[in-house]
Amino acid sequence: MVMLMTQPSYLKDLNEQQLAAVTAPSGPVLVLAGAGSGKTRTLIHRLAYLVEEVKLSPAHIIALTFTNKAAQEIKSRAAALLNRSSANLGCLIGTFHSVSTRFLRRSASQLGFPPGFSIYDQADQLSLIRTIIKDLGYNQREVSAGAVAGLISRSKADLLSPTDYKERLGSHNKFTSLVAEIYGRYQTALFKNQAMDFDDLINQQVKLWQENSQLLRQYQERFSYILVDEYQDTNHAQYLWTKLLVGPAANLYAVGDDWQSIYSWRGADFGNILRFNQDYPQAKIYKLERNYRSTANIIAAGNAVMAPAEFKTDKKLWTANAAGRPLKVVELYDEISEANWVVEEIINLSATSDLIKGEPMYLPDQETGLLPDVGQGSWLYQGDGRELAGFVVLYRTNAQSRALEEACLKKGLPYRLVGGTRFYERQEIKDILAYLRLLINDRDGASLRRAALTPRRGLGETSLDKIISLAQTQDVALLSSSLSNHGLSGSKLAGWQSLIKLYNKWLQLLPKLTVAELIDEVLQSSGLKKELLDGSAEGKARYENIEELKTVAVERTPGQGREALIEFLTDVSLWQDQDELASKQPGGLTLMTLHSAKGLEFDTVFLVGMEEGLFPHSSSFSEPKELEEERRLCYVGLTRARRLVYCTYATNRRLFGSVMLGLPSRFLGDLPRDLIDFQAPTPF
DNA sequence: CTTCCTGCCGTTTTT
DNA sequence: CGGCAGGAAG
């Protein structure tokens with residue numbers, strides 16, 4: 001270990017524990033950190049430390065995250081520490097999926113895939129499974145494709161192959177044996193389409209490394225230091241991926257908080273973080289329990305909510321920050337008055353807050369010129385949105401955003417909805433991407449299906465499915481004229497042949513065109529443009545979305561030809577984050593689910609819908625483990641706040657048309673009385 | 001191939 | 001309530 005003669009400036013503002021973690025010796029290191037304790041910060045500083053003091057070449061370092069946003073943040077902050085631009089930082093920083101895809105593209109041929117294999121997202125996966133369910137003679141109502149997809153994905157996260165699944169669970173009951181059958185067919189279908197789903201992007205690389213020790217050793221030598229953020233979110237496949245890559249040297253620096261594990265429903269196993277010491281017996285473990293973010297009252301509330309939890313590491317978050325104000329708990333009549341109350345409180349706070357200066361936002365009455373009474377429905381927001389950056393409204397389910405959006409619209413409060421329909425999930429975007437994917441992967445049936453059906457060219461689903469299965473049996477490219485016995489005639493044949501002609505033309509143009517130019521060309525000659533610009537406002541908006549996609553292409557992959565297109569398609573498949581696009585919009589109140597709030601912080605947090613059955617959600621009641629995940633979700637929500645926390649619940653929430661009688665959430669009951677300022681029922 | 005009607009069902013969601 | 005699967009009819 002390097003002795004530091006003079007302490008570099010970037011180590012000066014770390015506390016004792018943080019400094020110990022950052023300068024820990026080589027080998028496995030676990031930083032078990034609480035919310036707001038600067039855990040990601042230690043990871044960034046560790047990276048800088050390895051480069052500056054250990055004199056490790058950045059080319060040997062990988063930093064892995066779960067979201068692109070986190071990767072971006074690490075990249076830019078590490079670059080700042082090292083006085084470099086983030087473009088020539090030299091480290092590989094990205095999500096597990098993007099890094100693994102990068103590796104996989106290199107050695108895909110060993111698995112029988114071309115380097116340009118398609119990446120199937122959840123929607124592609126679902127439609128593939130639906131087809132299989134139909135082929136097996138079931139309809140959608142009998143067998144839920146979503147449920148099957150979930151089970152398959154969980155099995156893949158646990159590295160259970162279709163055969164493993166069949167052996168272990170196949171004979172369990174009728175449903176599991178059906179799932180086993182579908183799973184097997186699904187994997188075959190993926191292979192025929194030369195496609196991988198998100199789970200495969202991790203699993204297949206694990207498989208490659210397990211089967212080829214020489215390849216593994218190459219990677220281990222090339223990347224000798226691995227840093228993992230949010231380690232509690234790793235599933236078994238990602239855990240193994242990491243373990244294989246770090247190898248015997250085990251230079252792994254993992255950072256995480258088991259209290260913030262909220263993704264076990266998608267396979268994340270926070271046991272990975274609890275078992276760290278068993279996996280790496282020589283591990284150094286550092287605990288960061290000091291919180292720098294929140295007031296002492298908020299921290300006390302977080303500790304109180306977690307106190308009844310059974311499955312957790314012992315930890316007591318503490319802070320030197322002032323006590324601050326008590327948490328405000330407000331009972332409201334229904335979801336509409338809840339939303340109105342929240343929006344009015346935000347208008348009020350943003351106008352009067354001592355932290356956020358702004359003009360009063362009451363509108364004078366038009367006739368009398370007097371400020372209106374401070375009653376319901378009388379305030380209108382008049383700021384420019386920037387002062388709203390400190391506020392967030394968090395809810396358990398996306399459906400709850402509706403009432404809040406309506407309240408914002410009514411009061412003229414600008415808002416930013418995080419989540420909802422993501423950019424790359426839009427119909428028109430998927431359509432154009434399907435055309436592009438076909439140019440790289442001529443076996444991609446799901447993309448052919450989409451492309452050939454939009455715009456309509458006389459070919460229906462039935463004919464297409466026939467062509468696809470025929471081509472896959474004959475093992476020829478989908479859009480090839482050598483496909484025999486397709487039995488098409490008349491307008492169907494004409495449509496098919498015109499598509500082949502177009503396709504061949506694009507293939508010829510491909511090497512000379514940039515991605516943006518290619519999008520233009522496809523848009524034009526496929527007839528997509530004509531179909532979108534039919535004069536309707538909706539069509540125009542959709543066309544503009546494609547223009548937006550072009551902008552992304554120009555910025556991210558300015559190059560020409562096949563390689564650039566593969567890079568672009570990988571990028572848009574793995575970067576489904578709409579935040580980058582949303583952040584171009586002017587500021588506003590942020591509305592999002594509790595899940596998407598992880599890793600963020602706000603001055604003031606509103607937790608709405610704190611009712612039994614909604615939060616904790618009723619589906620978690622039967623399983624203590626699931627109930628605890630809700631508890632952790634509550635902890636995550638509370639600890640997003642720097643200064644103020646509001647919890648609201650409605651006594652008469654409308655859900656699916658009927659009214660649900662709401663009792664206050666048990667989590668509210670876990671908060672000590674002296675931390676709470678309870679507001680009595682408001683008159684309705 | 002499209003459109004219209006009926007009836008069912010309802011977390012969280014990144015990559 | 002509202003979105004979507006799926007069947008029937010155009």
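This one's a predicted model, so the numbers in the text were calculated from it and none came from an experiment.
Rounded to a whole Å, the CG atom of L594(A) is 14 Å from the P atom of dT14(B). If you measure from atom CD of Q122(A) to atom C1' of dT12(B), you get 12 Å, rounded to the nearest angstrom. One atom, CG of L394(A), and another, P of dT13(B), lie 12 Å apart when rounded to the nearest Å. Following rounding to the nearest Å, Q400(A) (CD) and dC1(C) (C1') show an atom-to-atom distance of 15 Å. Atom NE2 in H595(A) sits about 9 Å away from atom P in dT12(B), given to the nearest Å. Going from atom CD of Q204(A) over to atom C1' of dT15(B) covers 16 Å, rounded to whole Å. Going from atom NZ of K134(A) over to atom C1' of dG7(C) covers 12 Å, rounded to whole Å. With rounding to whole Å, I262(A) atom CD1 is found 8 Å from dT12(B) atom C1'.
Here F66(A) does not pack flat against the base of dT14(B), since the 5.5 angstrom centre distance and 30 degree tilt limits are not both met.
Between N68(A) and dT15(B) there is a side-chain N or O to OP1 or OP2 distance below 4.0 Å.
When the nucleotides dT12(B), dT15(B), dG2(C) are ranked by their closest atom to the side chain of T95(A), dT15(B) comes out on top. The N398(A) side chain lies nearest to dT13(B) when the options are dT11(B), dT13(B), dT15(B). Of all nucleotides listed (dG2(C), dT14(B), dT11(B)), dT14(B) comes nearest to the side chain of T67(A). Here dG2(C) is the nucleotide among dT11(B), dT14(B), dG2(C) with the atom lying nearest to any side-chain atom of R402(A). With dT13(B), dT12(B), dA5(C) as the choices, the nucleotide that has an atom nearest any side-chain atom of R130(A) turns out to be dA5(C). Distances were taken from every side-chain heavy atom of E626(A) (C-beta onward) to each of dT12(B), dT15(B), dT11(B); the shortest belongs to dT11(B).
Using a 4.0 Å cut-off between charged side-chain N and carboxylate O, E628(A) and R631(A) make no salt bridge. The pair K410(A)-E406(A) fails the salt-bridge criterion, with no side-chain N (NZ, NE, NH1 or NH2) lying under 4.0 Å from an Asp/Glu carboxylate O. Ion pairing between R426(A) and D431(A) fails under the 4.0 Å rule for side-chain N and carboxylate O. D199(A) and R154(A) are not joined by a salt bridge, as no carboxylate oxygen comes within less than 4.0 angstrom of a charged side-chain nitrogen.
Judged by atom type and distance alone, T593(A) does not reach the base of dT12(B) through any side-chain donor-acceptor pair under 3.5 Å. Residue side chain R266(A) does not reach the base of dT13(B) through any donor-acceptor N/O pair under 3.5 Å, judged by distance alone.
A donor atom on one side chain and an acceptor atom on the other are found under 3.5 Å apart for E338(A) and T648(A).
L201(A) comes within contact range of no nucleotide atom at all, as no heavy-atom separation falls under 4.0 Å.
With sequence neighbours excluded, the residues forming a salt bridge (Lys or Arg N to Asp or Glu O under 4.0 Å) with D258(A) are K315(A), listed by chain and number.
Between L453(A) and L633(A), it is L453(A) whose nearest contact on DNA chain B lies nearer the 5' terminus. For the pair H97(A) and T462(A), nearest-nucleotide mapping onto DNA chain B gives the more 5' position to T462(A).
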